[in-house]
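Report on the structure given below.
In what follows, chains are A, B, ... by sequence order, proteins preceding strands, each numbered from 1. The shown structure was predicted, so the numbers you read here are calculated from the model rather than taken from an experiment.
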Protein chains: 2
Amino acid sequence: MSDLLRRLRGRGWRMTSQRRVVAEVLDGDHVHLTADEVHLRAAARLPEISRATVYNTLGELVALGEVVEVSTVGRAKRYDPNARNPHQHLVCSGCGTVRDVHPGGNALGDLPEEERFGFAVGSVEITYRGLCPGCA
Amino acid sequence: MSDLLRRLRGRGWRMTSQRRVVAEVLDGDHVHLTADEVHLRAAARLPEISRATVYNTLGELVALGEVVEVSTVGRAKRYDPNARNPHQHLVCSGCGTVRDVHPGGNALGDLPEEERFGFAVGSVEITYRGLCPGCA
DNA sequence: TTCAGTGCAAAAGATTTGCATAAAT
DNA sequence: ATTTATGCAAATCTTTTGCACTGAA
């Protein structure tokens, strides 16, 4: 069973065949799928699964903190199940492909208090943009 | 005349009343408008300007490197004319408001070569997410 | 049994596109 | 005169919503 699924079970998440398939599709450490790609792969195993359910389920996983939404410029959001291991993203401006990077040396410190303007800062997202070998 | 407009003139950008108005709306150092907001403000001065023209113009300004698209999670893109001064963004997860931040001390170094996977990295985007005082 | 989850289809929001017309150089 | 930009309306893509129905606990 996938790690994600095991964790969700442990948290008392109500299980259905649709939810199981979505969680299975999202298993792995370098997965960055769009909602539509998740639906496509889930439907390969469970043909009757609807887009609405995929969106609902993804939204819940995000709310639970088990999946992170990767922001995009114009393109569809991508969902990253590797929420436990902080990391950053290298995104191709051509095809939208996402790669994980872990630049050990230059991790970003917190935003200093005097730069927060009263915001309750919860997360930092760092994205490197450029062209992948295939698109260059 | 706005700085942006002056620069565009200098680059031989073909000028029209629509383009002028869009450039004027985008003038300033802490502007983060959506395409729709740009259209709204532009239309206040030039009622016949169309959304398509606003989108076209914004796309060109981005291609010229004069304006930066601020990525969002789900929401409409925002356009930031402050492309000359590298800075970062504090984004409210509640209302989508964007604030500029310049955390001097912890600027991010480049992504090391061995972490680039053959990508031609062109830019880094750093976004702090959280709730603004109003939404908290 | 009960309540949360699902599917469907329609709606909404953001952005793009095709094409005839208008305007800048 | 020539070339490029504009406006309109329709189309596309992504995501959300309302509601009756199904299935997990």
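For the pair A:Thr53 and B:Arg14, both in contact range of DNA chain C, the more 5′-proximal nearest nucleotide belongs to A:Thr53. Looking at which nucleotide of DNA chain D each of A:Trp13 and B:Leu46 is closest to, the 5′-most match is held by B:Leu46.
Looking only at distances, a side-chain donor or acceptor of B:Glu37 sits under 3.5 Å from a matching main-chain atom of B:Thr34.
Rounded to a whole Å, the CG atom of A:Leu40 is 15 Å from the C1' atom of D:dT14. For B:Glu60 and C:dT16, the CD to C1' distance is 14 Å, given to the nearest whole Å. Separating the CZ atom of A:Arg51 from the P atom of D:dT16 is a distance of 13 Å, rounded to the nearest angstrom. Distance CG (A:Leu8) to C1' (D:dA25): 17 Å, rounded to an integer number of Å.
Within residues 72-79 of chain A, no residue has any heavy atom under 4.0 Å from DNA chain C.
Annotation: side chain of A:Asp100 is not in contact with side chain of A:Asn85 (no heavy-atom distance under 4.5 Å). Contact check for A:Arg9 versus A:Arg20: side-chain heavy atoms found under the 4.5 Å cut-off. Residues B:Arg129 and B:Val73 form a side-chain contact, since some pair of their non-hydrogen atoms from C-beta on lies under 4.5 Å apart.
At D:dT6, one or more side-chain N or O atoms of B:Thr16 fall inside 4.0 Å of OP1 or OP2 (strictly under the cut-off). Between D:dT16 and A:Tyr55, no contact under 4.0 Å exists linking OP1 or OP2 to a side-chain N or O.
Ring geometry for B:His102 versus B:His87: interplanar angle of 30 to 60°, hence tilted.
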